[in-house]
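First up is the structure itself, then whatever we jot down about it.
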Amino acid sequence: MDNKLIADIFNDIAAMLSVDETPSSRFEVRAYQKAALTIATLQEDIGDIYRKEGKEGLMKLPGIGKGLAERIEEYIKTGKIRRYEELRKRYPIDMKALTSIEGIGAKKAIALYKKLGIKDVASLKKAAESHKIGALSGFGGKSEGLILRGIQRLETNKGRLLLGDALPVAESMVGKLIGSGLVVKVVIAGSMRRMRETVGDIDILALSDKGNEVMDFFTKLPDVSGIVVKGPTKTTVSLKIGLNCDLRVIAPESFGAALQYFTGSKDHNVQVRTIAVRMGYKLNEYGLFGRKGQLMPTKEEKDIYGRLGMQYMPPEMREARGEVKLAQEHKIPRLVELGDIRGDMHTHTLESDGADSIEEMADAAMKADLDYFATTNHTKSLGIANGMDERGFAKFFKRVDKLNDSLDGKIRVLKGAEVDILKDGSLDLDRECLKSMDCVVAAVHSYFRMEESEMTKRVCKALESGLVHIFAHPTGREINVREQYPIDLEKLFVAAERNKVALEINSFPIRLDLSDTNIMRASKYKVKFAIDTDAHRTSHFGFLRYGVGTARRGWLEKGRVMNTLPLSGIMKELEK
DNA sequence: GCCGTTTTCGGCCCGACTGTTTTCAGTCG
C-alpha cells in the first residue's frame, strides 16, 4: 500500500509549488492536492490498479490525468519522482511535519528555511525557544507562541497514527500472511484491536509451526521499510507508514493467553493478573498456570476470563475503566455492532463538497448494506464547501425524490442538510426550508476561538430552535490537528437531552467526535446518538466501523443509537 | 495539471480571520 506515501509526496509537491506561485501554477497546486486526496482515500492499492490496468487505470481516477499518472508510474517503477527530487533540492525541508503545525503553511515553512535555515520541527523548536522567530519580519511574538504550542501538541502525539490510516495497512499485511499458507491463524492485537483512535505500533499474532519461514515472509512484505529485530517467535519491522510492527508466532496452547496479553491495555491486564494471583494462578503471555505450575487449557481468550470467574468482554472495553468489575458481576453490556447500523444520517454529494453524485452515494450505501441514509450538504455560509441556499436545496430535493422513486424501496434517501450554526447561534437556512427536511444535522464550522460561555450559548440556542435532529461532530476536534473548541459539554448534553437532539459520533478517522470518553460522559444523560460517516465520497461509507468502534469504546448499546432503527422507526424518531 | 452539454482552450469554490502590518500576506476551511 504505497497510497499514503504517494499522496504525501503529491501534497509536498503542491506545497513547494505554491511558494513561487504564478497564475498558472496556482492550479497546478490544486491539481496535485486533488490527486493526493483521491489517492489517500482510495480503498484499493494504487500499485494494484497500475499492475492490472496500467496508466489507463490510473487516469480513470478523479483528478488524475496523463501527467500525474506518469508521475505515479514513475514512483511505482523507480520508487522516486524526479519532479519531487528537484524540488527537494531547492527546499530540503520536512514540509509535511512543518506544515502539520497549526499556523504554518508552505510559505511560512519556506520563509523560515530561507531566513533561519529551519528544515524540521527540531530546528523550528530551537529557533522559537530562542525567540529568533518573533524577531523576523512577517512573524511576531504571537506567531512564536502559536508555533511553540503547536510543536508541544505534535510531541505529545509523537509516533501515533490515526487508526483509519494504520488499520488498512495492518489488514493488508494480515491478508498476505494468511495467503502465504504458512500460518494457521493471524490476528491483530494491541491498541488497534481495541480500536483506539490512534495507534503507536501494530501488533500481529500468528499461529504457526514454521516460525522462521513466517518471519522471512513477513520481513519481505512490501509495506516493510526496515528490520529492527528478527527471530523465530518475535520480529519487529519498521513500516513505510512510519510505525513499527511486531509479529509474534505463538504456539497453539498459548494463543488465547497471548491474545489476551497483547491486546491489553496494560492497566486492564494488571487488574486481570491481580485477580489471577488472588485465585492462586499465574497469568502471562504463555498461559494461565495453576498452583503447581501446570498449564490450564485456555485456547481462547474467553477461557481465561472464564477460569478467572469473569464474563468475556469486547476488546474495546479493556481500558481499566470499570470493565473488570462489571465482568466479575457478569454485567457486561451487549455493545452496538457494525451490523446493527441500518442507516447513515450525515453524508455529502457533489452539490456541496462531496466527490460523488447522490445516485452514486445511494448505490454505495446499498452496497454497504444500509436501508437508508440522509443526504446532508453544507449550507450557504460555508462558501468554501460550496454551501447551498434554500433554492439550491429545493432543486436538489426534486432530484432526490426522483431517485427515491427509481430506487423502488431498495434504499431510502432522506432529505437533509448539515446546516451551519452561525456566530450568533442562528441557523444558516430559513425555518420553512429546514422544516421541509427529513433530517437536519447542525454543526459549527466557523469562529472556533470564542469564549467557552459564548460558544456554549451559541450551540444551545441552535439546539433549542426545535429544528435540529442531530448535532454533528460536537466538539470540533481533529485528532493530532486541532483541539476541540471551548464548550461546556455538560450544558450541551443537558440541552441535547431537553430538546431531543441526538449527538453525533462522527466516523471520520480524523474526527471520531464525540470521542470514547465523551460518549461515556454523555450517556449519563438521556440522549440518543447517531453514528454517522460524514461521507464525502462513496468509499467513506467504509468509515462506519471506526465510529462503531468508538461507540463501543464508550460502552454504547444498540438502543442508544438512533440509526440502528429500521426505516419506519427512524422516520418516527425524526418526527418527534 | 485536470477537465469537458462552455469540450482541446481556458476556466479551475474563495471569503474570513489572524497577526502582522499601516494595506496585506498567509492560513484555514
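Order of the sequence lines fixes the chain letters, A, B, ..., with proteins taken first and strands second; residue numbering starts at 1 for each chain. For clarity, every value in this text was computed on a predicted model and none was experimentally measured.
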Identify each atom pair where a protein N or O and an N or O of nucleotides 15-18 of chain B are less than 3.5 Å apart, giving names and distance.
residue	atom	partner	partner atom	Å
B:dC17	OP1	A:Tyr447	OH	2.1

Residue set satisfying side-chain hydrogen bond (donor to acceptor under 3.5 Å, both in side chains) with A:Glu351, at least two apart, ordered chain then number -> A:Thr349, A:Arg399

Quote, to the nearest angstrom, the C1' distance that separates B:dT23 from B:dC17.
16 Å

What's the gap between B:dG4 and B:dG15 when it is taken at their C1' atoms, as a whole Å value?
28 Å

For A:Phe493, give me all partners under ring-ring contact (aromatic ring centres under 6.0 Å, His included), at least two apart in sequence or on another chain.
A:Tyr525

Let's test this: given Watson-Crick or G-U wobble pairing with both distances under 3.5 Å, identify the partner of B:dT8.
none

Contact under 4.0 Å: A:Arg26 side-chain N or O vs B:dG1 OP1/OP2
no

Indicate, with yes or no, if the rings of A:His469 and A:His346 have centres closer together than 6.0 Å.
no

Heavy-atom count check: over 12 atoms from other residues, nucleotides or ligands less than 6.0 Å from A:Lys415 NZ?
yes

In whole angstroms, how far is the C1' atom of B:dC9 from the CZ atom of A:Phe27?
14 Å

Side-chain ion pair, A:Glu28 and A:Arg71, N-O less than 4.0 Å:
no

To the nearest angstrom, how far is A:Tyr32 atom OH from B:dC2 atom C1'?
12 Å

Determine the interatomic distance between C1' on B:dC13 and the same-named atom on B:dG29; round to the nearest Å.
11 Å

Of all residues at least two apart in sequence or in a different chain, which pass the salt bridge (charged side-chain N to carboxylate O under 4.0 Å, His left out) check with A:Lys119?
none

Can you tell me how far P of B:dC13 sits from NE2 of A:His348, to the nearest Å?
18 Å

Assert: residue with more 5' nearest nucleotide on DNA chain B, out of A:Glu144 and A:Pro62, is A:Pro62

Nearest whole angstrom, please: distance from the C1' of B:dG19 to the CG of A:Leu148.
16 Å

Side chain to side chain contact (heavy atoms under 4.5 Å, CB included) partners for A:Ser191, two or more places apart
A:Arg160, A:Arg194, A:Arg196, A:Val199

Can you name the side chain to side chain contact (heavy atoms under 4.5 Å, CB included) partners of A:Ala368, sequence neighbours left out?
A:Leu370, A:Phe541

For nucleotides 22-29 of chain B, 5' to 3', base contacts (B), sugar-phosphate-only contacts (S) and non-contacts (-) with protein non-hydrogen atoms under 4.0 Å give ----SSSB

Give the rounded distance in Å between these two atoms: CG of A:Asn377 and C1' of B:dC13.
14 Å

When all nucleic acid strands are considered with a 4.0 Å heavy-atom cut-off, which category describes A:Ile64: base, sugar-phosphate, or nothing?
sugar-phosphate

Measure from the side-chain heavy atoms of A:Glu28 and tell me the nearest of B:dG1, B:dT20, B:dC13.
B:dG1

A:Phe10 meets the ring-ring contact (aromatic ring centres under 6.0 Å, His included) criterion, sequence neighbours left out, with A:Tyr32

Whole-Å distance between B:dG1 P and A:Leu58 CG?
16 Å

Could you tell me the separation between the CZ atom of A:Phe10 and the P atom of B:dG1, rounded to a whole number of Å?
10 Å

May I ask you to say what A:Lys34 touches in the nucleic acid, namely base, sugar-phosphate or nothing, with a heavy-atom cut-off under 4.0 Å?
nothing

Distance-only donor-acceptor pairs under 3.5 Å for side chains of residues 447-456 of chain A, two or more places apart:
residue	atom	partner	partner atom	Å
A:Thr456	OG1	A:Glu452	O	2.6
A:Thr456	OG1	A:Asp488	N	3.0

Which whole-number value in Å describes the distance from A:Lys66 NZ to B:dC3 P?
13 Å

B:dC12 versus B:dT8 - spacing of their C1' atoms, nearest Å
16 Å

Provide the distance between the two P atoms, one in B:dA16 and one in B:dC9, to the nearest whole Å.
37 Å

B:dG26 and B:dT20, which share atom name C1', separated by this distance in whole Å
10 Å

